[in-house]
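Each remark here refers to the structure printed beneath this line.
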Amino acid sequence: QVQLVESGGGSVQAGGSLRLSCAASGYAATSSHSMAWFRQAPGKEREGVAAIWEGSAFTQYADSVKGRFTISRDSANLAINLQMNNLKPEDTAMYYCAATHRWSPARPLSDSDYVYWGRGTQVTVSS
């Protein structure tokens, strides 16, 4: 099993920044897991935001966050981070960390590719 715990959410004004972190633990957790951030706003479907795999060799972002969000991996601590800059009100959502044992996910921003999920951290952006 792998446990994922998110942190770093909060409330900011539009244009501000937040940094989310996700720590992985458990006997099956390794730095080779593909990991990703998803978000879900009230009344909307969960969407993939950013993914990282093959260590830190590859990343993918949703079009809505390209150029503003950066995903990174801290292999020593089995953690990933999501640096979010120039936040917009439409970024308001619950953000979830996800992981899979796969070295390379077939669809990095599809939630069906991930097995382990954190409980989420709330991000609220006010205009």
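Being a predicted model, the structure only gives us computed values, none of them experimental.
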Restricting to non-hydrogen atoms, name the atom on Asp113 and the atom on Ala106 that form the minimum distance, rounded to 0.1 Å.
OD2-N, 2.9 Å
Under 3.5 Å, is there a donor-acceptor pair between the Asn81 and Gln83 side chains?
no
Verdict with supporting geometry, Arg39 and Val123, side chain to side chain contact (heavy atoms under 4.5 Å, CB included)
CA-CA 9 Å; Arg39 67 185 181 186; Val123 171; over 6 Å; no
Apply side chain to side chain contact (heavy atoms under 4.5 Å, CB included) to residues Asp111 and Trp117 and explain how you reach the verdict.
CA-CA 10 Å; Asp111 57 6; Trp117 292 84; 3.6 Å; yes
Heavy-atom nearest pair, Lys66 first then Tyr61, reads CE-O, 3.5 Å
I need the Arg19 CZ to Thr70 OG1 distance, nearest 0.5 Å.
9.0 Å
Nearest heavy-atom pair of Ala62 and Gly48: which atoms, and what distance?
CB-O, 3.4 Å
Search all heavy atoms of Pro108 against all heavy atoms of Phe38 and return the closest pair with its distance.
O-CZ, 4.5 Å
Rounded to the nearest 0.5 Å, what's the gap from CD on Glu47 to OG on Ser110? Could you check?
12.5 Å
Examine distances only and state if a side-chain atom of Arg73 and a backbone atom of Gly55 form a donor-acceptor pair shorter than 3.5 Å.
yes
Is Arg119 salt-bridged to Glu6, cutoff N-O under 4.0 Å?
no
Nearest 0.5 angstrom please: Phe69 CZ to Ser17 OG, how far?
9.5 Å
Can you measure from SG (Cys97) to CD (Gln3) and round to the nearest 0.5 angstrom?
12.0 Å
Whether the side chain of Thr124 engages the backbone of Thr92 through a donor-acceptor N/O pair (distance < 3.5 Å, no angle test) should be reported.
no
Please step through side chain to side chain contact (heavy atoms under 4.5 Å, CB included) for the pair Ile80 and Trp37, ending with a clear verdict.
CA-CA 9 Å; Ile80 61 169; Trp37 288 98; 3.4 Å; yes
Given side chain to side chain contact (heavy atoms under 4.5 Å, CB included), test Met35 with Tyr116 step by step and report yes or no.
CA-CA 9 Å; Met35 298 183 72; Tyr116 304 105; over 6 Å; no
For Arg68, does its backbone N or O pair with a side-chain atom of Asn86 as donor and acceptor, under 3.5 Å?
no
Answer yes or no: is there a side-chain heavy-atom contact under 4.5 Å between Met84 and Leu20?
yes
Of the non-hydrogen atoms in Tyr114 and Ser34, which two are nearest, and what is the gap between them?
CE2-O, 3.9 Å
Nearest non-hydrogen partners of Leu82 and Val49, listed with the distance
CD2-CG1, 4.3 Å
Looking at side-chain heavy atoms only, is the closest gap between Trp53 and Gln60 below 4.5 Å?
yes
Is the shortest distance from a Lys or Arg side-chain nitrogen in Lys88 or Asp91 to a carboxylate oxygen in the other one below 4.0 Å?
no
One should read off an interatomic distance between Ser11 OG and Leu18 CG, to the nearest 0.5 angstrom, of 8.5 Å
Find out if a path of hydrophobic residues (ILVMFWY) with successive side-chain heavy-atom gaps under 4.5 Å connects Val115 to Val2.
yes
